[in-house]
There are 2 protein chains.
Amino acid sequence: MELNIPLGYLLGQSLRVFRNQLVFEFKEKEIKLTLDQFVILHLLNANCDLIQQDLANQLQKDKSIIVRQINSLLENQYVVRLTNKEDKRKKNLILTKRGFEILNQMKEIASELSGKLLSGVSETDLKVFRNVLGTIHENGGAEEEFINCGLNQPK
Amino acid sequence: MELNIPLGYLLGQSLRVFRNQLVFEFKEKEIKLTLDQFVILHLLNANCDLIQQDLANQLQKDKSIIVRQINSLLENQYVVRLTNKEDKRKKNLILTKRGFEILNQMKEIASELSGKLLSGVSETDLKVFRNVLGTIHENGGAEEEFINCGLNQPK
DNA sequence: CCGAATTAGTTGACTTTGACAACTAATAAT
DNA sequence: ATTATTAGTTGTCAAAGTCAACTAATTCGG
């Protein structure tokens, strides 16, 4: 039956399943953030000195969208936006304590959900799966890996 | 370095790579359709007697969004919307010749792009990959498989 | 060193998605 | 026969996305 189902269809379907359930569970715990905002906080925590353009590259979104999403995170005091001393065009984004706390809550929910959605998948298959996703990103002309700053602490 | 990257992040990244490049290539060939509209045409071609609610389930979208997307496909005469004889609530969606033709164009572009983005991935890994995506969908509470009507011809 | 090109960020206008409730019409259930 | 459910449609509103224009800072080529 499989008549070459488009890759984008399968990806979109799975992403939507994940996102819908994630945001649903966020709401249950009074967390009013989207998947993308969760990912942004995750990236900010895992990588130091990120600027908005980096996020735009990573998330494959227009930089104007990032500006607005960061604005929303700023309003909720999850991050602060600081002009970079060496290059005044750049704005460094730093997680606040508040942001760090909500990120941890969200991580737990996300990881539980991942476990649920991936139940029945073996460790080795999961590894292959993640590798293929990485390959897609690379073949699509991905950026270099980030350099982690080593300490994943809030400011 | 990998500190448990959220599943939704990886999926979202890959999907966006695929979608951005697909729509870019569509535009190059004067095709003004989105990934979702492509998927809808694909589903309509591969499965007979689909109604809008089926599409909503498959694409995990609200039915109101489907109505509007079908409206747009109607305006461009890629599909027709017919009231089902047995159940007058239902509307069957049928691909037109025009829709069938543009679908084939898009399929070619999509399949080429998939090949490019998946280059370096072995057949077995690809199989695992598709299986995991299927598992996610199933674990998320998926619908039953469609029954293909056997002939993938336009009306 | 100077002007041109590039880069990061921001804003505004506009379209499309998406969430959600209200509603109609048809069918199914009790 | 009344009630509940289902499919589809519409309206409203917020969020996401596109795109162009613009500022300010930096880099590049001469």
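In what follows, chains are A, B, ... by sequence order, proteins preceding strands, each numbered from 1. What you see is a predicted model, and the numbers here were worked out from it, not measured in a lab.
You'll find a donor-acceptor pair under 3.5 Å spanning the side chain of B:Arg68 and the base of D:dG11, going by distance alone. Within 3.5 Å, no donor on the side chain of A:Lys91 pairs with an acceptor on the base of C:dG9, nor the reverse.
Considering only side-chain N and O atoms, B:Arg81 lies under 4.0 angstrom from the phosphate OP1 or OP2 of D:dT9. Phosphate proximity of C:dT10 to A:Gln52: present, with a side-chain N or O under 4.0 Å from OP1 or OP2. Taking only side-chain nitrogens and oxygens, B:Lys61 comes nearer than 4.0 Å to OP1 or OP2 of C:dG18. Side-chain nitrogen and oxygen atoms of B:Lys27 include at least one within less than 4.0 Å of the OP1 or OP2 phosphate oxygen of D:dC19.
Summarising the geometry, the separation between CG on A:Asn84 and P on C:dG9 is reported as 9 Å, rounded to the nearest angstrom. Rounded to an integer number of Å, the gap from A:Phe38 CZ to D:dA16 P is 16 Å. With rounding to whole Å, B:Glu75 atom CD is found 10 Å from C:dT16 atom P. If you take CG of B:Asn57 and P of D:dG8, they are 10 Å apart, rounded to a whole angstrom. For the pair B:Ile65 CD1 and D:dG11 P, the interatomic distance rounds to 17 Å; values are reported in whole Å. Atoms NZ (A:Lys63) and C1' (D:dA20) sit 11 Å apart, rounded to a whole Å. Across the protein-nucleic acid pair, A:Arg89 atom CZ and C:dT6 atom P stand 13 Å apart, rounded to whole Å. Regarding B:Gln69, its CD atom lies at a distance of 18 Å from the P atom of C:dT15, rounded to whole Å.
When distances run from any side-chain atom of A:Asp62 to the nucleotides C:dT10, D:dA7, D:dC19, the shortest one goes to D:dC19. Closest to the side chain of B:Lys90, from the set D:dT9, D:dG8, D:dA25, is D:dG8. Side chain of A:Ile51, nearest nucleotide from C:dA8, D:dG8, D:dT26: C:dA8.
Contacts of B:Arg19 with the nucleic acid, taken as non-hydrogen atoms under 4.0 Å apart, are absent. Nucleic acid contact class of B:Ser64 (heavy atoms, under 4.0 Å, all strands): base.
Taking for each of A:Asp36 and A:Asp87 the nucleotide of DNA chain D with the nearest heavy atom, the 5'-most of the two is the partner of A:Asp36. Mapping B:Val67 and A:Gln37 onto DNA chain D by nearest heavy atom places B:Val67 closer to the 5' end of the strand.
A:Thr124 is not listed as a side-chain neighbour of B:Val128, based on a closest heavy-atom distance of 4.5 Å or more.
Side chains of B:Gln53 and B:Lys90: a donor-acceptor N/O pair is absent below 3.5 angstrom, by distance only. For the 3.5 Å distance criterion, the side chains of A:Asp36 and A:Thr34 fail to qualify, holding no donor opposite an acceptor. One side chain, B:Tyr9 or A:Gln58, offers a donor N or O that lies under 3.5 Å from an acceptor on the other. For the residue pair A:Asn84 / A:Arg89, no side-chain donor-acceptor distance below 3.5 Å is found, with atom types taken as modelled. No side-chain donor from either of A:Gln60 and B:Arg19 sits under 3.5 Å from a side-chain acceptor of the other.
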